[in-house]
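A short worksheet on the structure shown next.
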Amino acid sequence: MVSLPQKFSTTSPSILIRRQCFKPQEPKTPDQPFIPFSQLQERKLLESELISVLHNCTELSQIKQVHSHIIRKGLDQCCFVLTKLLRMLTKIEAPMDPYPRLIFDQVIRIGGLDLDLFVGNTMIDMYVKCGCLDCGRKVFDEMPDRDVISWTSLIVAYAKGGDMENALGLFDALPMKDMVAWTAMITGYAQNSRPMEALEFFEKMQNAGIETDEVTLAGAISASAQLGAAKYANWVRDVAEKSGFGPADNVVVGSALIDMYSKCGSLEDAYKVFERMREQNVFSYSSMIVGFAMHGFASEALKLFEEMLKTEVKPNKVTFVGVLTACSHTGLVEQGRHLFQIMGKCYGVEPSADHYACMVDLLGRAGCLEEALELIRTMPMVPHGGVWGALLGASRIHGNPDVAEIAANHLFELEPNGIGNYILLSNIYASAGRWEDVLRVRKLMRGKGLKKNPACSLVEGKEGVIHEFYAGDMTHPKTGEIKRALKDLLERLKFDGYQPNLSSAPYDVSDEDKKQILMAHSEKLALAYGLLCTDAGCTIRIVKNLRICEDCHLVMCGASKITSRQIVIRDNMRFHHFRDGTCSCGNFW
DNA sequence: CTAGGGTTAG
């Protein structure tokens, strides 16, 4: 004998149990018609059929079709199906449409209050993924009950929109903060380039005794990668090991660490992590390849790529960005061209605007500015800032103000506040001696209220103490010694054939003044201090906020030779390893 | 069947 169910329930037991955690009161019983068992079976069948149809929907119109079918069959009372419908809308990133709202209202109407939590959360998520934060917020405000998931969805939405202030406000107001909520804040700060705050949050989270998992760690590791300081890197790694998410066993933590170490300047540590990982995936391979490329070790990057192709792991778009930049930094034009041509056909990765940017960089560096420009013209998508930026950079290397102008004009539109573009163009004009144009660009900058960031270099002294130098900085207590050491060094370099590169001082002043300006560049001060205060044989590590200039690059090369020191400089783009008079970037950066 | 994720260039 089969006993007939008293009422038609559309929710799975797990959902009921979960809901009870938040709503211990007696659930409201909506008026439901009595349905005989045979019909119920039939309904269930229809439901699961519809669910599988929904599962394969890829367009809004298809989903709407299913919806009208649901209404025709009288299944519009079934929250389960409607909720699935909402989820599919989320998945296909339905453009903003009154339609989801309609379904939402329908679900609310038939489901009664005790369905709000689940459907509401689904709605918030859907709106957030559609990019409509206001609608998500509205649902959140309308919900009579919210759980930590509702809050976290919204926190993430604000964080993704760059509004960490509102995210923090919500987080503070959130009564039951769990690991996911904390993680949302940490990754939010990390993704908004606020690594210090991310790490502060990470520390607070530990002090609060909240558990840590691989996702939390990934956020914290990414934050320390941005800081580029070995001190934080090792601390976060310790926490990872202690939480049982060591890089050897966890591929997420492992690949994040590879990236972190290479951004902190220690390619050796990055490679050690890579080698010891038990499992490799596309993230770990790509991070390592990008790491090699970033440090100028192109052949290692390409070798690793070959190795990867022999495994099951399939390259993705980031992998190709890595190998293409590796090619461009070494002038491997033909190999780069070849990879670019076959990446879609052989590996199923169609070139994106980013890959076009790499190719423009590759061709541009090699001096083929016209060909690079032609490639941009044939792009199947609208070129973004990266593409024009690569062209602008190449114009600088080859001193071509005309092509630079074309690139810059596009950039001024795409990135009106990108200060670097103005500076680069103005420097290109300066190198060409076009001082009226320099003044024009400077005026343009001032008109927009943009100010040049002061150049600043950091150098690690004894016992990990960081010393900071600005260009022309005379505030360091050892300024006298530093200047003397620098003068000595330059004298010895001149003996070796060094001539100051005067075009690195883009000002319309006398040659003597230019030499003085160059002498006071922040990375030279940092170098001199590093030489003074660290032991012989010690690698000197400098981090600079702007791009290193030609003259300083020349000096670093020479200094590495005559002092027998290794010098590692991270500028705003990449790493330079100076050793025995040469740089890993091959004088191409 | 609802929340957090690592690698991207000039």
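Residue numbers start from 1 in every chain, and the chains themselves are labelled A, B, ... in the order their sequence lines are given, proteins ahead of strands.
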If you look at every strand shown and take non-hydrogen atoms under 4.0 Å, does [X] touch a base, only sugar-phosphate, or nothing?
X: Ser153(A); answer: sugar-phosphate
X: Leu411(A); answer: base
X: His329(A); answer: sugar-phosphate
X: Met288(A); answer: nothing
X: Asn281(A); answer: base
X: Gly385(A); answer: base
X: Gly393(A); answer: sugar-phosphate
X: Gly386(A); answer: base
X: Val252(A); answer: base
X: Val251(A); answer: base

If I take atom [atom1] in residue [X] and atom [atom2] in nucleotide [N], what distance separates them, rounded to the nearest angstrom?
X: Leu217(A); N: dT7(B); atom1: CG; atom2: C1'; answer: 17 Å
X: Asn316(A); N: dT8(B); atom1: CG; atom2: P; answer: 11 Å
X: Arg547(A); N: dA9(B); atom1: CZ; atom2: C1'; answer: 15 Å
X: Lys160(A); N: dA3(B); atom1: NZ; atom2: P; answer: 11 Å
X: Met308(A); N: dT7(B); atom1: CE; atom2: P; answer: 16 Å
X: Ile376(A); N: dA9(B); atom1: CD1; atom2: P; answer: 18 Å
X: Asp259(A); N: dG6(B); atom1: CG; atom2: C1'; answer: 8 Å
X: Phe305(A); N: dT8(B); atom1: CZ; atom2: C1'; answer: 15 Å

Residue [X], side-chain atoms from C-beta onward, closest of [options]:
X: Met573(A); options: dT7(B), dA3(B), dG10(B); value: dG10(B)
X: Val321(A); options: dA9(B), dT7(B), dG6(B); value: dA9(B)
X: Ala218(A); options: dT8(B), dG10(B), dG6(B); value: dG6(B)
X: Asp147(A); options: dT2(B), dG6(B), dG4(B); value: dT2(B)
X: Asp354(A); options: dT8(B), dG4(B), dG10(B); value: dT8(B)
X: Val156(A); options: dG6(B), dT2(B), dG4(B); value: dG4(B)
X: Ile149(A); options: dT7(B), dG10(B), dT2(B); value: dT2(B)

Taking only N and O in the side chain of [X], is any of them less than 4.0 Å away from OP1 or OP2 of [N]?
X: Arg365(A); N: dG10(B); result: yes
X: Gln191(A); N: dG4(B); result: no
X: His410(A); N: dG10(B); result: no
X: Lys263(A); N: dG6(B); result: no

Side chains of Lys263(A) and Met294(A) in contact at under 4.5 Å (non-hydrogen atoms): yes
Side chains of Met143(A) and Met123(A) in contact at under 4.5 Å (non-hydrogen atoms): no
NZ/NE/NH1/NH2 to OD/OE distance under 4.0 Å, Asp249(A) and Arg278(A): yes
Presence of salt bridge, Arg137(A) and Glu142(A), under 4.0 angstrom: no
Distance-only donor-acceptor test, Thr152(A) side-chain atoms vs dA3(B) base atoms, 3.5 Å: yes
hbond_proxy Thr216(A) side chain to dG4(B) base (donor-acceptor, 3.5 Å cutoff): yes
ring-ring contact (aromatic ring centres under 6.0 Å, His included) partner of Tyr285(A), chosen from Phe305(A), Phe320(A), Phe274(A), Phe292(A): Phe274(A)
Phe202(A): which of Trp182(A), Trp235(A), Tyr189(A) passes ring-ring contact (aromatic ring centres under 6.0 Å, His included): Trp235(A)
Ring-ring centroid check Tyr261(A) Tyr271(A), cutoff 6.0 Å: no
